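Structure record follows, encoded as structure tokens.
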Amino acid sequence: MLRHTFLHIPGLGERRERALWRRGIWTWDDLLADPGSSGLPPSLLDQAQVVLRLSREALQRGDVYFFAHHLPVREHWRLFGEFQGVTAYLDIETGMVAHGRQGITVIGLYDGREFQSFIYGQNLDAVERHLRRFDLLVTFNGKSFDLPLIERDLGIPIHQSQIDLRVFLQRLGYRGGLKRIEREWGIVRDDEVVGLTGYDAVLLWERYRRGDVPALERLLAYNRADVVNLEPLMRRGYALARERLWQAALPIMGHPRS
DNA sequence: TATGCAATTTGTGGCGTGGC
DNA sequence: GCCACGCCACAAATTGCATA
């Protein structure tokens, strides 16, 4: 998807990007090979060629930040296709951690194959080291809640590019919270955690603090479901968004190769 | 319930084009 | 060459939303 993207060129918006596709300019290489057929104003065309040469280099060296910096936030989902290898899915739980202080109790991290839990009082400090392995973070409402809290509560700076599924899926017409969208898409949870909410996670941590060890196991299972289920949501959302983009831009001509 | 982000709406300015 | 107009991108202000 990224190679079809021209929105990261300053002065080039959605209309011009679609106009390029309609002219048969599907990729950066197409435009660089035949700039004259782009129909862009001369000054913008010069700028576009410079940015696209830089884009090829950035993609070659796996520089997700180059694109995250230049793309509008609402289009950061386009990063997923090329950068899923450095993507992590993340979700936190909170509760009273010490002396009546509200804080992060559990962080779940999933790279598409392996899931890891980081627990207050046990291994929460290790999360920063593991986060550094990734360049792209996928969350649900994480931009408003999880990631600012990690920065504030744990003092861990979040440098990674981010895709917030709440915003992304809302643009695709899906709203109403993570669990509701999961149900809508037929994603099922284990009996152990089905029906649990974020507030239940707070209560489970309280029970664990009072010595109820199985309560922690259930909390971790809940967090794991929250995190692992982000992956199919991201994959399906990405496929859907790409499909709709082509349909809107090219209702008659059909899809480009991608 | 507070929080913080992005969508939406509205307004502004840059740029290119066409008429004279 | 000048002017008016239209297209387009972008900025500012407001609104809506999901999280534990």
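By convention in this document, chain letters (A, B, ...) are assigned in the order of the sequence lines, proteins followed by strands, and residues within each chain are numbered from 1. Keep in mind that what you see is a predicted model, and the values were worked out from it rather than measured.
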How close or far is atom [atom2] of [N] from atom [atom1] of [X], stated in whole angstroms?
{"X": "A:His70", "N": "C:dA9", "atom1": "NE2", "atom2": "C1'", "result": "16 Å"}
{"X": "A:Asp200", "N": "C:dT19", "atom1": "CG", "atom2": "P", "result": "13 Å"}
{"X": "A:Leu196", "N": "C:dA20", "atom1": "CG", "atom2": "C1'", "result": "13 Å"}
{"X": "A:Gln47", "N": "C:dC8", "atom1": "CD", "atom2": "C1'", "result": "15 Å"}
{"X": "A:Ile9", "N": "C:dC8", "atom1": "CD1", "atom2": "C1'", "result": "15 Å"}
{"X": "A:Ile150", "N": "C:dA20", "atom1": "CD1", "atom2": "C1'", "result": "13 Å"}
{"X": "A:Asp153", "N": "C:dA20", "atom1": "CG", "atom2": "C1'", "result": "12 Å"}
{"X": "A:Asp91", "N": "C:dT19", "atom1": "CG", "atom2": "P", "result": "9 Å"}

(request) Kindly work out whether a path of hydrophobic side-chain contacts (I/L/V/M/F/W/Y, heavy atoms less than 4.5 Å apart) joins A:Met1 to A:Leu12. (result)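 Same cluster: A:Met1 reaches A:Leu12 through Ile, Leu, Val, Met, Phe, Trp or Tyr contacts under 4.5 Å.
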(request) Spell out, yes or no, whether A:Trp205 and A:Leu203 are grouped together once hydrophobic residues are joined by side-chain heavy atoms under 4.5 Å, including indirect joins. (result)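 Different hydrophobic clusters.
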Taking [X] first and then [Y], would you say they form a salt bridge - that is, a charged N and a carboxylate O separated by under 4.0 Å?
{"X": "A:Glu206", "Y": "A:Arg210", "answer": "yes"}
{"X": "A:Asp164", "Y": "A:Arg166", "answer": "no"}
{"X": "A:Glu192", "Y": "A:Arg224", "answer": "no"}
{"X": "A:Arg218", "Y": "A:Asp190", "answer": "no"}

(request) Scan side-chain atoms only and decide if A:Ser55 and A:His8 contain a donor-acceptor pair under the 3.5 Å cut-off. (result)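 Short answer, yes.
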(request) Just call it for A:Leu178: base, sugar-phosphate, or nothing, with non-hydrogen atoms closer than 4.0 Å on any strand. (result)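 The answer is sugar-phosphate, as A:Leu178 gets under 4.0 Å only of primed atoms, P, OP1 or OP2.
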(message) Categorize A:Asn223 for me: base, sugar-phosphate, or nothing, with a 4.0 angstrom heavy-atom threshold over every strand shown.
(response)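 Contact class for A:Asn223: none.
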(request) Would you mind telling me which of A:Val64, A:Asp135, A:Ile163 makes a side chain to side chain contact (heavy atoms under 4.5 Å, CB included) with A:Phe83? (result)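 Of A:Val64, A:Asp135, A:Ile163, side chain to side chain contact (heavy atoms under 4.5 Å, CB included) with A:Phe83 is met by A:Val64 alone.
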(message) Counting primed atoms plus P, OP1 and OP2 as sugar-phosphate and everything else as base, spell out the protein contacts along nucleotides 1-17 of chain B at 4.0 Å heavy-atom distance: B, S or - for each nucleotide, 5' to 3'.
(response) ---BSSS--------S-
(request) Would you jot down, in residue-number order, the residues of residues 225-241 of chain A having a non-hydrogen atom under 4.0 Å from DNA chain B? (result)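 Heavy-atom cutoff 4.0 Å gives no residues at all.
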(request) Treat a base pair as Watson-Crick or G-U wobble with both distances under 3.5 Å, then lay out DNA chain C in dot-bracket form, 5' to 3', with | for cross-strand pairs. (result) ||||||||||||||||||||
(request) I would like to know whether A:Trp246 and A:His4 meet side-chain contact (heavy atoms from CB on, under 4.5 Å); could you show each step before the answer? (result) CA-CA 11 Å; A:Trp246 295 140; A:His4 301 293; 3.6 Å; yes
(message) Any heavy-atom pair between the side chains of A:Leu204 and A:Tyr208 that's under 4.5 Å?
(response)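 No; the side chains remain at least 4.5 Å from each other.
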(request) Give a yes or no on whether the backbone of A:Glu182 and the side-chain of A:Arg189 come within a donor-acceptor separation of less than 3.5 Å. (result)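 Not a single qualifying donor-acceptor pair exists.
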